[in-house]
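A note on names: the letters A, B, ... follow the listed sequences, proteins ahead of strands, and every chain is numbered from 1. Worth knowing before you read on, the calculation uses all heavy atoms, side chains too, and leaves out hydrogens, waters and symmetry mates.
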There are 2 protein chains.
Amino acid sequence: MATIYDVARLAGVSPKTVSRVLNADGPVGEKTREAVEKAMRELGYVRSNAARMMRAQKSGIIGLITGAISTRNQPSIQQGLPDLFIVQGIQRALESSGTTLMIADTAGRNERVPHLIDTFLSHRVEGLIYVAEYHQEVSLPALPDDTPLVLANCFDSRGTPAVLPDDRRLQADLVRRLIAAGHRRIAFLALRPDMVAGRLRPFGYRDALAEAGLPFDPLLLAHVDFDQAEIGPQVLWDTIDRMLRLDSPPTVLCCGNDQMAMMVYGILRSMGRKVPDEIGVAGFDNYRVIAETLYPPLTTVELPYTAIGARTGERLLQLIAGESREAGPTLVAGPVYWRASVNERRPENVLAFRNLREENE
Amino acid sequence: MATIYDVARLAGVSPKTVSRVLNADGPVGEKTREAVEKAMRELGYVRSNAARMMRAQKSGIIGLITGAISTRNQPSIQQGLPDLFIVQGIQRALESSGTTLMIADTAGRNERVPHLIDTFLSHRVEGLIYVAEYHQEVSLPALPDDTPLVLANCFDSRGTPAVLPDDRRLQADLVRRLIAAGHRRIAFLALRPDMVAGRLRPFGYRDALAEAGLPFDPLLLAHVDFDQAEIGPQVLWDTIDRMLRLDSPPTVLCCGNDQMAMMVYGILRSMGRKVPDEIGVAGFDNYRVIAETLYPPLTTVELPYTAIGARTGERLLQLIAGESREAGPTLVAGPVYWRASVNERRPENVLAFRNLREENE
DNA sequence: CCGCAATATGACACCGATGTCATGACACCG
DNA sequence: CGGTGTCATGACATCGGTGTCATATTGCGG
């Protein structure tokens, strides 16, 4: 591959002059510039980042580690989609910064992380991002002080900058909207309590109930490990069956995620209950393939992965630039998508709710 | 960040000796080695790839361009999953080769590709991979001759090495399995004919029919643009309705992909037809969130994205190593997943089919 | 016509690792 | 005891850009 020396020779100038043309620093004569540009074109010259990087002590590279399929403890076979959207968001944020992304995946083996970090350090990355597959606590090996790190969709106990979904608020927003639609008995089929989301979202659920002056009924809240191989569907069935037999049964089922909602559709159908007329169903994630394809389309709230990625990228760029920024995690919320799986019981409330939100914007 | 000179000074040796310890070439005295290793540990030394790369004229970097969300013409809102699995497969294949992956996404703007390629070339990538979101023809700008390129999930007219799903064979394998299960009237709701998969898979469908001596009935084959915003579901409904009213209606509906199958579940339910007892449904993709969560679980065939990625990585490594390998695209097939959405009408055939396949392995 | 500033260009060193070659210290053999 | 080979180590140049400083050329006011 052609070097700056080749270009210089062909153009009959010194390498330094070519460098000046490349970087548009220092003055260059009109005719000289043209000769150099012609030479570059003829040779198909592309400047070597390695050499440049050595001199400048700046790589323009950011390292990205994804956690991907950690064998067990997966919240669902949703596998990878969060990662993907987060990475796309990161790319969008970095796009205009002139940095390039290097990626590596642990492939489920966390013990590989130190090695991946070393590889990135050897490329002198200017910053590191760790992306987790679902909201969780992680523990990463320490980095040299001068390499900033941002965690996406996860956090650690050292207070490393992190960008997280605002699970509590997202759930509260969804339940608020259900209440605004006139629902009063709202069941919540939460995710397993050993997952962060399974712990945070019930708070949001109760926040919304409390705001509206509705009582919290423990019989309407259940953590359901719906994703277990064999018995998952059965557990889900039993839970729903129990709730529907209550004296005052729920008018809507709030599911831990869209995938669970999809299973709930099947179960309700088997039970002979029509959605949304006999019972409403709401999801969580706005996993579009599910939410938009289900019939009726699923009301849900968006887990804003792309936005999380974008904020992560921005936050890292700030750290690299040395801008201090506040500490603590950045929480990201997203919109409620109101589709046909929940009936509006009181249209007038919904209008009021909309107006209220618009005023708050 | 510490350099090899810092380490050398601290250990009281020359940089070259440190280099020898690092690379385990040339002989080094026992005591010297220990002193050097101690110095490296104390300084937290990580060797600079940039410097190494300059000397060695080898980067150990592979560039990966993903096509992602090209606005229109998407086969579905499946958005990104193929990309993701392909990239994971690539990473698995490259993992042991000591190369690092750089990624960039066009973000739907194809005109950015030349710029992305230049960025990669400036990092002196040893090879390039282009990953498309769905099986399609692409056209990339020419590369310098010495940088190998492999296309994943796409192909071009220049005969660039490519790794593709064997759509025809996958569809044939699935239909064969349906026939083995005793089905004789098999409807095929194909994808749009302007998509490669929409053209190739009908051939596979007919291959399987022909092998079994079954007639091809044009009334049982329809291309359905099920994904259109408003009318998609209606078109799908009409098509199914028409087929079910035939004098000799199909006993199973083969869908263009799992997402379409999911919609078909909803439509059949609305029509009052029970799956699988009154009619079978088969998908395509083995999009697990759908196929495993639907009730009943969906019989489908796997579009082997991870394998496509792995083969792509392997093929690129071979090209980089200068091993010639055959030209032409690499076609990758995958297994049929038999779940509960299609009834076995003739169990004895299925056994025979299994034995046959095992003999062929 | 001289002096000084602005413009245009080049020589050279340096970034950090490593290939090449040289050198010094031993050990072993005849 | 000299010759030869092996081991251990270092000096030096090199990879491709670019920062620093020097030099050559031109223009313009006085």
Worksheet item: Counting side-chain heavy atoms from C-beta on, which of dG16(D), dA17(C), dT20(C) comes nearest to A51(B)?
Response: dA17(C)
Worksheet item: Nearest of dG16(C), dT9(C), dG17(D) to any side-chain atom of P27(A)?
Response: dT9(C)
Discussion item. As a test of reading the structure: which of dG16(C), dG17(D), dG10(D) is closest to the side chain of K16(B), going by heavy atoms?
Written reply: dG10(D)
Fill in: Whole angstrom value for the distance that separates P of dG16(D) from CE of M53(B)
13 Å
Worksheet item: Whole-Å distance between dG16(D) P and L43(A) CG?
Response: 13 Å
Fill in: Integer-rounded Å distance: dG19(D) P and N23(A) CG
7 Å
Fill in: Position toward the 5' end of DNA chain D (nearest nucleotide), G12(B) or I4(A)
G12(B)
Worksheet item: So what does N49(A) hit on the nucleic acid, given a heavy-atom distance under 4.0 Å: a base, only sugar-phosphate, or nothing?
Response: nothing
Discussion item. Expected output check: what is the dot-bracket annotation of DNA chain C, where ( ) and [ ] are pairs inside the strand (brackets for crossing ones), | is paired with another strand, and pairs are Watson-Crick or G-U under 3.5 Å?
Written reply: ||||||||||||||||||||||||||||||
Worksheet item: K58(A) has an atom NZ; how far is it from atom P of dT18(D), in whole Å?
Response: 13 Å
Fill in: T147(A), L64(A), L128(A) screened by side-chain contact (heavy atoms from CB on, under 4.5 Å) with F120(A), the one that passes
L128(A)
Worksheet entry | Rounded distance (Å) that lies between atom P of dT20(D) and atom CG of D25(A) | 11 Å
Worksheet entry | Contact under 4.0 Å: R52(A) side-chain N or O vs dC15(C) OP1/OP2 | no
Worksheet item: Nearest to the side chain of S14(A) - dG10(C), dC15(D), dT9(D)?
Response: dG10(C)
Item to complete: Decide if atom CZ of R311(B) counts as having more than 12 heavy atoms of other residues, nucleotides or ligands within a radius under 6.0 Å.
Response: no
Worksheet item: Can you check whether T17(A) has a side-chain N or O nearer than 4.0 Å to OP1 or OP2 of dT9(C)?
Response: no
Item to complete: Starting from C1' on dT9(D), measure out to CD on E30(B) and report it in whole angstrom.
Response: 16 Å
Worksheet entry | Gap separating the CG atom of L94(B) from the CD atom of E314(B), nearest 0.5 angstrom | 9.5 Å
Worksheet item: Reckon R33(B) touches a base, only the sugar-phosphate, or nothing at all at heavy-atom distances under 4.0 Å?
Response: nothing
Worksheet item: How would you label the contact of V18(B) with the nucleic acid (heavy atoms, under 4.0 Å): base, sugar-phosphate, or nothing?
Response: nothing
Worksheet item: Hey, is the side chain of Y5(B) poking within less than 4.0 Å of OP1 or OP2 on dT18(C), counting only N and O atoms?
Response: no
Practice prompt. Write down the distance between CE (M54(A)) and C1' (dC15(C)), rounded to a whole number of angstrom.
Written response: 4 Å
Practice prompt. Specify the separation, in whole Å, of atom CD of Q57(A) and atom P of dA13(C).
Written response: 19 Å
Worksheet item: Would you say a side-chain N or O of S19(A) is under 4.0 Å from OP1 or OP2 of dG19(D)?
Response: no
Discussion item. Could you check whether atom CZ of R20(A) has more than 12 heavy atoms from other residues, nucleotides or ligands sitting under 6.0 Å from it?
Written reply: yes
Item to complete: Please figure out whether G29(B) or R20(A) has its closest DNA chain D nucleotide nearer the 5' end.
Response: G29(B)
